[in-house]
Structures are given as structure tokens and as C-alpha cells.
2 protein chains.
Amino acid sequence: MPERGRPRSFDRASALRRAMEVFWAKGYEGASLSDLTAAMGINSPSLYAAFGSKEALFLEATDLYTRSEGTDIWSTLEEAPTARLAIEGFLTQTARAYAQTDRPQGCLIALGALHQDSTQGLICQDLRRRRAENQTALERRLGRAVAEGELPADFDCQAAATFFATVQHGMSIQARDGATHAALMATVAGAMAAWTTMAGADA
Amino acid sequence: MPERGRPRSFDRASALRRAMEVFWAKGYEGASLSDLTAAMGINSPSLYAAFGSKEALFLEATDLYTRSEGTDIWSTLEEAPTARLAIEGFLTQTARAYAQTDRPQGCLIALGALHQDSTQGLICQDLRRRRAENQTALERRLGRAVAEGELPADFDCQAAATFFATVQHGMSIQARDGATHAALMATVAGAMAAWTTMAGADA
DNA sequence: TCCTTTATGTAACGATCGATACATAAATAC
DNA sequence: GTATTTATGTATCGATCGTTACATAAAGGA
């Protein structure tokens, strides 16, 4: 039990949540230590003692983001009875999440650090890995539908996964530009129109 | 004729082009004055004398970007004989442009400054305006097709324009992640599959 | 009670940020 | 020629960046 020494005077979990919101709104390089400590209600030595560095704090924040904000989106993908409903639900949940007005618009994973840099190569790499994982999850779900006979055997799961992942990334920028939930749903409708063609006219 | 005084010892146009490439690769806040002056081959006083400020330089750089890199994409949209070919050409040109390996991947307008900030509100606003203009161009082209009878009168031009613009934005992130031209074309194929449904199965 | 351990607040570190003061160089105007 | 105008290179500005020394405070172990 690490109960030796002076106890921490702030709640680590809620401080991490505040940090996540700052990174989410401003991106990795746009979020300064001053921004972070102000939002977390602590001084920089406490931040470094509890999280190690700005980089480590960001990695932990993105992990929290994935666990807290991403679950609705990705559980829908896995749990929907058909692949069509899975993709539709995945995109619909995305539209709902990205347009919420009580938090930053768009996705932290997609927008957090797009410009590679010597000082933030690790950050870019981590976000890129997470984006790749998400696309893989889409591909797996489609592959399952092929295996189950819902989709034809020659269905190009990889191409379709690329397409739907790209649409979701675009929705992040759209949301950042202030798009309404209705506008995001127009994009969802477009993507699902593609599904109709890709899966065969009767799907 | 402003030919008084000591003549400038560097080519303003090519220096601006170098600055554009730096902003393109690193974004507005990621591009430091050191990065810029090193790439432009000049010292900071020369930069400020010729361009005014980092902000003004960025605005001029995005203008150059729009005039030089965007023409192929947007001229295709206007000149294609049908709306379907216009959209397909627009996306195909986008895939070609975004995957070129001799320059930064993705679009400067889409990726240049996504995180609003007190110091760069003007930059975000300008890029946002340019993105909105692009979407409007798509909508106008589709509206023309409705007027010409190519598309049904109840075709939702605004929704479709939103969808295709969003796909293009997503392609920027995809390209930044190192997607090949083939991967980008998979997304184009997906978007055109949507067209087939949206414009009627026989279109 | 003292010792060890951990956390906190203040204050500052070297580095870099965007932006300039200043003296000098190179052109035209007279 | 001299005066004026503009550009350049050096050197530096104050502010902020991410990070850390250091002394003090607050807990458990002996």
C-alpha cells in the first residue's frame, strides 16, 4: 500500500478529466502547461509528480478519452445485429457525440496532433495507431458479416472500412467548424447511401 | 514605381512558396519563425518587412495555396460535363493531390489550424471561411445539375454537398496518416457508391 | 518523539516564441 | 557629389514554453 508520505490534495481522476478536456479543445501543442494547470486546479510540480510530463499526461488523457467518450460509438458497432445497423449506428453515435455542445466538438483522437514534429513524434504515432485500430475494428465487423453470410463473399471489407473511417474523420473537422447535429446526419445519410450500393441494391 | 531604396535581395514569390510548404507541413502554430526563415533563406527582419507578420504571411500563403494547389481540383468540378463526372473528378483529383509524395500530404486549408485560440482566431476564421466556400462551390455545381434536369428537382444539394465536402476533409487526415493513392481511391469509390443511390439507381 | 516518505507552493531554470532597435549597405532623386 | 529611401544582418527584446530546485507541510513507521 503506498499510503506513506503526505497524501495528494487533489483528485487525480478528475484532474485527468480536466486535462483531457483541455487537450481535446486545443490539441497537444496548443495546450500549454498554464492552460492545463489552471484547468486542473494544481501547480506544475503536482502535475509532474502525478503524471510525469506533458507527453505522458496526454497519452493518459487519450486513454481516458477512448474509455469514456468512445464506448457508445464502438459498442454500437459490435453489438448491432447486422453490419448495416452496425455501421449506421456507429455513424449515428458519432454524429451525436461530435455535435454535443457541452464539450469540445469533434474527436480528440482525430484532431489532437496532426502535424508531425520532432518534439511530438510519439504523440502523433500514438494517435495514428489508435486511428488505425479503429479502422481495423470496422474491417473486422464487416468481415464478420461476410463470414455470417450477411454480405457477399467478394465484399471488399478493407475498402469499405477505409471509406467509413474517412467519413468519420471528416465529421470531426465538420463538427469543429460548428456543424449542427442535422448537418452531421446529412453526412451519415450520404455514407449509408453508399452502403446501399456497396452491399447490393436489396441490402 | 516603388523602385526607390535598396532592392530586395531575395525573390518574394519563391520565399512565399517556401513559407507555404512549411505551414502546409507543420500547421500555423507548429511552424515557428525559425522554421520559416530557415526555409525561406532570409532573416526575420526581412520576413517582417516583406510580409508584415506571421499571421499575414500565413494568410498570403493560404491564398497562394488556393491558387496553385487547388486549381486542378476545383476546375474539374466546374468543367466536367455532368454532375456525376464533376464530383467524381473532384474527388479523384483530390486523391491524386493529397497522395503526392514530393510535398506535404493532405490539405493546408483543412489541416492548417483546427484548434481555435485567442492568438489565432483570425487564422481559424479564414480557413473556416475557405472550407465553407468550397462546400458552397459543390452545392452550386449540384444546383446547376438540378436546373439542367440532370438531377431530380427534389435532390438535396445541400446535404449532398455537406457529404462530399466531409469526405474530402476526411481524406486529408487519411493522407496525413500515410494512406496510399489506392487507399484514397477506395474512399472515392465509396463516395461515388453513395452518388449512385442519391441520384437514383440509373444515374 | 524522531525519521522517512511523499506532496505542495514559490520561484526560477534554460530554451524558444514572435517581433524589433539599430547601425550599415545599396539603390534612386536631386 | 549629398540627401533620401528601403533592405539587410546582428543582436536582442519581453513573454511564454516545458520543466525542475528547493524549502516546507503532512502523512505513516519506528
Side-chain angles (χ1 to χ4, degrees), chain A residues 1-16 18-20 22-23 25-61 112-113 115 117-124 126, chain B residues 1-16 18-20 22-23 25-61 112-113 115 117-124 126:
Chain A
M1 286 292 192
E3 292 185 1
R4 291 269 294 254
R6 176 174 177 175
R8 186 176 286 123
S9 65
F10 62 94
D11 181 35
R12 191 182 189 281
S14 69
L16 177 59
R18 298 282 172 78
M20 178 192 78
V22 173
F23 281 130
K26 303 195 163 195
Y28 177 72
E29 56 181 359
S32 72
L33 260 290
S34 306
D35 293 332
L36 291 165
T37 54
M40 300 164 84
I42 60 177
N43 296 114
S44 42
S46 297
L47 188 154
Y48 279 86
F51 300 100
S53 67
K54 186 189 177 186
E55 206 171 61
L57 175 60
F58 182 85
L59 295 177
E60 209 168 327
H115 307 288
D117 191 320
S118 58
T119 66
Q120 52 175 303
L122 209 147
I123 300 295
C124 281
D126 184 71
Chain B
M1 288 293 193
E3 292 184 1
R4 292 268 293 253
R6 178 175 175 173
R8 185 176 287 123
S9 66
F10 63 94
D11 182 35
R12 192 183 189 279
S14 70
L16 177 59
R18 299 281 173 76
M20 178 191 79
V22 173
F23 282 130
K26 303 194 164 196
Y28 177 72
E29 57 181 358
S32 72
L33 259 291
S34 306
D35 293 331
L36 292 165
T37 54
M40 300 164 85
I42 59 178
N43 296 113
S44 43
S46 298
L47 188 155
Y48 279 86
F51 300 100
S53 68
K54 185 189 178 185
E55 206 171 62
L57 175 60
F58 182 85
L59 295 177
E60 209 168 328
H115 307 288
D117 189 322
S118 58
T119 66
Q120 52 175 304
L122 208 147
I123 300 295
C124 281
D126 184 71

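Each chain gets a letter, A, B and so on, in the order its sequence line appears, and its residues count up from 1. Hydrogens, waters and symmetry mates are skipped; everything else that's a heavy atom, side chains included, is used. Only a predicted model underlies this, so the values are computations on that prediction, with no experimental measurement involved.
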Close N or O pairs between protein and nucleotides 24-30 of chain D (under 3.5 Å):
from, atom 1, to, atom 2, distance (Å)
D:dA25, N3, A:R6, NH1, 3.3

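With sequence neighbours excluded, no residue forms a salt bridge (Lys or Arg N to Asp or Glu O under 4.0 Å) with B:D11. For B:S32, the side chain to side chain donor-acceptor pair (under 3.5 Å) partners are B:D35, not counting sequence neighbours. Residues meeting the side chain to side chain donor-acceptor pair (under 3.5 Å) test with A:R6, sequence neighbours left out: none. In this view, B:R8 satisfies the side chain to side chain donor-acceptor pair (under 3.5 Å) rule with no residue, not counting sequence neighbours.
Atoms CG (B:L33) and P (C:dT20) sit 11 Å apart, rounded to a whole Å. Atom CD of A:E55 is separated from atom C1' of D:dT19 by 13 Å (rounded to the nearest Å). Rounded to a whole Å, the CG atom of A:L36 is 16 Å from the P atom of D:dT16. Atom CD1 in A:I123 sits about 12 Å away from atom P in D:dG18, given to the nearest Å. The distance between atom CE of B:M40 and atom P of D:dG9, rounded to the nearest whole Å, is 13 Å. When rounded to the nearest whole Å, the span between NZ of B:K26 and P of C:dG18 equals 11 Å. Atom pair B:R8:CZ and C:dT28:C1' shows a separation of 16 Å (rounding to whole Å applied). A:F58 places its CZ atom 14 Å from the P atom of D:dT19, with the value rounded to the nearest Å.
The two residues A:C124 and A:A113 have their closest heavy-atom pair at SG-O, 3.4 Å.
In summary, of the residues considered (A:D126, A:L122, A:I123), a side-chain contact (heavy atoms from CB on, under 4.5 Å) with A:F58 occurs for A:I123 alone.
The stretch residues 41-50 of chain A comes close to DNA chain D through A:S44, A:P45, A:Y48, each having a heavy atom under 4.0 Å from the strand.
Between A:Y28 and A:F23, the angle of the ring planes stays under 30°, which puts this pair in the parallel group of the 30/60° scheme.
Here B:S9 does not reach the OP1 or OP2 of D:dA7: none of its side-chain N or O atoms lies under 4.0 Å away. Distances shorter than 4.0 Å separate none of the side-chain N or O atoms of A:S53 from OP1 or OP2 on D:dG18. OP1 or OP2 of D:dT16 has not a single side-chain nitrogen or oxygen of A:S34 nearer than 4.0 Å.
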Run the side-chain donor-acceptor check on residues 37-51 of chain B: report pairs under 3.5 Å with partners two or more places apart or on a different chain.
from, atom 1, to, atom 2, distance (Å)
B:T37, OG1, B:L33, O, 2.9
B:T37, OG1, B:S34, O, 3.2

Please walk me through it: do A:R12 and A:E60 pass salt bridge (charged side-chain N to carboxylate O under 4.0 Å, His left out)? CA-CA 12 Å; A:R12 191 182 189 281; A:E60 209 168 327; 2.6 Å; yes
